[in-house]
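To start, the structure itself, in structure tokens.
Model, not experiment: these values are computed from the prediction. Here is how names work: the chains are called A, B, and so on, in the same order as the sequence lines, proteins then strands, and each is numbered from 1.
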Number of protein chains: 2
Amino acid sequence: MKVSTAIALQRLQPEAVGMPMYRAVKRELLRAIESGAVAPGDALPAEAMLAQQMGVSVGTLRRAVDDLVAEHIVVRRQGRGTFVAMHGSERFLFQFFHVERSDGLRQAPEVELLSFEKSRLDDEAATALGRRLGEPCLQIENRLRLQGRPVVHDRLWLPALLFRGLTEKRFRERPSTIYHLYQTEFGITVARAHERLRALSADRHAARVLGVAQGQAVLQVRRVALDLGAQPVEWRISTVATAQHDYVNLLSRPV
Amino acid sequence: MKVSTAIALQRLQPEAVGMPMYRAVKRELLRAIESGAVAPGDALPAEAMLAQQMGVSVGTLRRAVDDLVAEHIVVRRQGRGTFVAMHGSERFLFQFFHVERSDGLRQAPEVELLSFEKSRLDDEAATALGRRLGEPCLQIENRLRLQGRPVVHDRLWLPALLFRGLTEKRFRERPSTIYHLYQTEFGITVARAHERLRALSADRHAARVLGVAQGQAVLQVRRVALDLGAQPVEWRISTVATAQHDYVNLLSRPV
DNA sequence: CCCAATTTGTTCGTATGTATA
DNA sequence: TTATACATACGAACAAATTGG
């Protein structure tokens, strides 16, 4: 694991910016992370070093990092350093996967690839991704199992321009989560997402994949995933069989 | 609006507590708010005053208040003060109401009371509320309209012991949201909630209330609302007609 | 096992800026 | 205008966790 001792950073002048210093510092750090100057998993330079480089006090630097921590963009470890957050199963489960068994049992799903093909963005996907209709994309279909049972059917649309060189083989042989693959192989970090949920009747395809009766009520989750710069990078429609599982949402978890 | 100039607060000794001072300060402030020493809408004493009373620096005091702000328990207003957060339509919409029209239009619902009766907790409600089976409760049924259309059917279970003296008249004639009523009339502040969502087929009752076909897929939201001390105070089952509306969830909103 | 160096975590105090009444 | 309150920024000291010798 690389430890950055110094990275290219702007020295900030007080008042030169129309915002508080700690905001400018945050933007500068974000820029360095987005640009790849510090890769996921790497440690940032120490706080004292960063503060000196950018010409601000340690307190101001920490204020900026506090924000990045709150957004899960970096993680602090006392005695070790501050690291660019990496996507892995823990974070996936915590931040991006909301389905668990009705009795509260929470486990990582087993993912099974159903299909992988080059395609073009339809109207809905193009709109969601803020891209042009008909733009080339990769379309991927997964089935997720929990406790051995098929529970989620995922369909993903990825703009081909953002994922150049992604093949079925590379996708299938990823060592960790999908978002980990985006991050390590394509420099795309999913920072947050918007989801819209609705109930509908399972169509023939979804029913077959999930092993439920056609017409059965299922939960549909439509997600746009955004990168660090808030640019849409993935459009996903998940269908969830909620006979024995729930979609869980915690409103205002305690700190 | 009352402005507290001094409230009963413990003076904290460093090291006397097995946690950082700012955590102890936060707990002490929470205690004061829970006890009603500062009522919702009231201003806390100024930061300098609080810091002096509790024997900590302003920086430490602010660190504690930062946490309370993040949890929406208090709100700061520069130049005015720090206020105990009040439940109102804005907060309701922002934190506890997740249904909006599919095109993204977000409005406060019109609420219509369908029934109000004294009852007893069934197994499911008792479990959710952490109370004994058969304990007296109030059971309330509402219909919520968005853009004139019936969209949500709510059933609420309230432990009678926590809402003594709540009558249909008082409930019906509340001037604002339900959570505002809990807060102002019963000293119960809903601070957060857990929700579990699933899809199912509308039963006859829900279908009639929402004006959809029986057997139509609808979204069911089961919510436990917790007060400041994390005690369950309300159990609610909402049924949402998602033909033209969605349940919206923002994962990691930016700060 | 202990020590020393490094890094983040906590706490203090002070000064100045900005918004409000 | 003045006073008050929160917001930003600085600098310093020590505590706690980690790592490597």
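Residue B:Arg76 places at least one side-chain N or O closer than 4.0 Å to OP1 or OP2 of D:dA7. In terms of phosphate contacts, A:Thr82 brings a side-chain nitrogen or oxygen within less than 4.0 Å of OP1 or OP2 of C:dT8. Contact between the side-chain N/O atoms of A:Ser57 and the OP1/OP2 oxygens of D:dC10 is found at a separation under 4.0 Å. Side-chain nitrogen and oxygen atoms of A:Arg80 include none within less than 4.0 Å of the OP1 or OP2 phosphate oxygen of C:dT8.
Using a 4.0 Å heavy-atom distance criterion, A:Gly81 is classed as a sugar-phosphate-only contact. At the heavy-atom level, B:Arg77 lies under 4.0 Å from the strands shown only through sugar-phosphate atoms. When heavy atoms are screened at a 4.0 angstrom cut-off, A:Val58 is found touching no nucleic acid atom at all.
With hydrogens and angles ignored, no donor-acceptor pair closer than 3.5 Å exists between the side chain of B:Gln78 and the base of D:dA5.
Each of A:Thr60 and A:Gly79 lies near DNA chain D, and the nucleotide nearest A:Thr60 is the one positioned closer to the 5' end.
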Q: Tell me, with the steps shown, if A:Tyr247 and A:Glu195 meet side chain to side chain donor-acceptor pair (under 3.5 Å).
A: CA-CA 12 Å; A:Tyr247 177 101; A:Glu195 293 187 340; 2.4 Å; yes
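Ring orientation note: the planes of A:His72 and A:Phe94 are nearly perpendicular, at an angle over 60° on the 30°/60° scale.
Applying the side-chain hydrogen bond (donor to acceptor under 3.5 Å, both in side chains) test between B:Ser252 and each of A:Gln95, A:Arg192, A:Glu71 identifies A:Gln95 as the sole match.
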